[in-house]
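First up is the structure itself, then whatever we jot down about it.
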Amino acid sequence: MVQTIVSRFKLDEETQTFICTVPMFHIYGLAAFATGILAAGSTIVILSKFEMDEMLMAIQKYSATYLPLVPPILVALVNRAAAIKRKYDLRSLHSVLCGGAPLSREVTEGFLDKYPNVTILQGYGLTESTAIGASTDSLEESSRYGTAGLLSPCMEAKIVDPESGKALPVNRTGELWLRGPSIMKGYFSNEEATASTLDSDGWLRTGDLCYVDEDGFVFVVDRLKELIKYKGYQVPPAELDALLLTHPDITDAAVIPFPDEKVGQFPMAYVVRKTGSYISESAVMDFIAKQVAPYKKIRRVAFTASIPKNPSGKILRKDLIKLAESKL
Ligand SMILES: *[C@@H]1O[C@H](CO)[C@@H](O)[C@H](O)[C@H]1NC(C)=O
Ligand SMILES: *[C@@H]1O[C@H](CO)[C@@H](O)[C@H](O)[C@H]1NC(C)=O
């Protein structure tokens with residue numbers, strides 16, 4: 001894990017100053033801050049809890065060079081760019097590392113537009129793989145929009161058809177399986193869960209729907225279990241989340257499957273409006289309908305004050321599904 005982090009972020013060439021925005025009990029913080037970066041002798045500035053202004057102040061005060069974060073913080077940096085750049089001197093910052101949940105093309109481009117001198121890097125990993133499974137090492141690699149990057153050293157991967165269990169070729173979407181020295185041995189005292197996640201050859205079923213392109217770049221499409229099934233078509237909610245976030249009146253959003261007798265499920269959006277915005281349900285639906293295939297259209301909208309997320313910024317769709325179904 002330490003070797004992967006040191007080599008991926010080239011910390012053997014130059015030490016850096018990092019701001020720690022993620023909790024250390026989460027694999028992101030554990031792998032990066034509690035072990036890898038510390039082992040490399042870099043400086044870590046720890047925020048006692050995440051607060052946007054405190055983070056920006058810390059970058060300025062300690063001349064931080066690297067800022068690892070999660071997509072919601074990145075989105076906030078883009079949306080508030082003008083005010084942030086007026087108030088803080090962020091010239092020391094040369095890279096942000098984004099992980100924890102997929103980053104859309106729109107958000108990536110928005111960030112590059114607002115912070116042209118900051119390289120955006122992405123990483124992919126999960127608790128069960130204990131380290132970064134894949135990452136981008138340069139802006140050039142990150143501009144393959146939507147990619148999580150190349151596999152980490154010593155990591156093997158294959159894409160498996162979830163129905164047939166067969167390995168799939170380049171460009172085909174299926175479940176990502178990983179194998180390597182950092183993969184977990186199993187879940188603590190839970191043989192059943194371990195057996196359904198790790199096979200006898202040591203392959204870890206990640207539960208993530210991915211494809212790999214001809215050059216070996218991994219693309220995360222969605223969580224396997226999170227796909228919305230509309231009349232048998234598969235709709236990845238993360239794609240609609242990303243589109244919603246490009247609307248100037250929308251601060252945050254999450255799309256979930258809504259049960260329906262005729263079509264099975266259809267996409268429903270929970271939307272956080274920007275302060276002072278009165279955008280309507282139908283305006284939100286029209287905005288998406290203009291940009292996607294008909295089966296991907298959002299067919300129901302609810303406004304909410306915030307989107308529930310875990311500490312790494314991943315949307316807790318299960319909570320929203322429960323909320324939506326409680327109102328049926
Ligand atoms: C980016 O860096 C260049 C060269 O150091 C500098 O001239 C320019 O002002 C910087 N741009 C921003 C937006 O900070
Ligand atoms: C994979 O997809 C890319 C982009 O659409 C295309 O250029 C390439 O030819 C495809 N390769 C294969 C083997 O299907």
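All residue numbers in this chain count up from 1 along the given sequence. On a predicted model such as this, the values are computed, not experimentally measured, just so you know. Numbering of ligands and ligand atoms starts at 1, following listing order.
The residues Arg300 and Asp260 are annotated as not salt-bridged, no charged nitrogen and carboxylate oxygen being separated by less than 4.0 angstrom.
Counting only heavy atoms, the protein gets under 4.0 Å from atom 10 (C) of ligand 2. In this structure, atom 14 (O) of ligand 2 has a protein heavy-atom contact shorter than 4.0 Å. In this structure, atom 5 (O) of ligand 2 has its sub-4.0 angstrom surroundings free of protein heavy atoms.
Shortest contact from atom 7 (O) of ligand 2 to any protein heavy atom: Glu214 OE1, 4.5 Å.
Counting heavy-atom neighbours within 6.0 Å of Tyr62 OH, excluding the residue itself, gives a total of 12 or less.
Between Phe287 and His247, the ring planes lie perpendicular to each other; the angle is over 60°, past the 30° to 60° tilted range.
Near Asn171, meaning under 4.0 Å from any of its heavy atoms, are these atoms of ligand 2: 1 (C), 2 (O), 3 (C), 8 (C), 10 (C), 11 (N), 12 (C), 14 (O).
Phe266 does not carry Arg299 over the face of its six-membered ring by the limits of under 6.0 Å from the centre and within 45° of the normal.
Remark: the Glu128 side chain and the Tyr187 side chain contain an N/O donor-acceptor pair separated by less than 3.5 Å.
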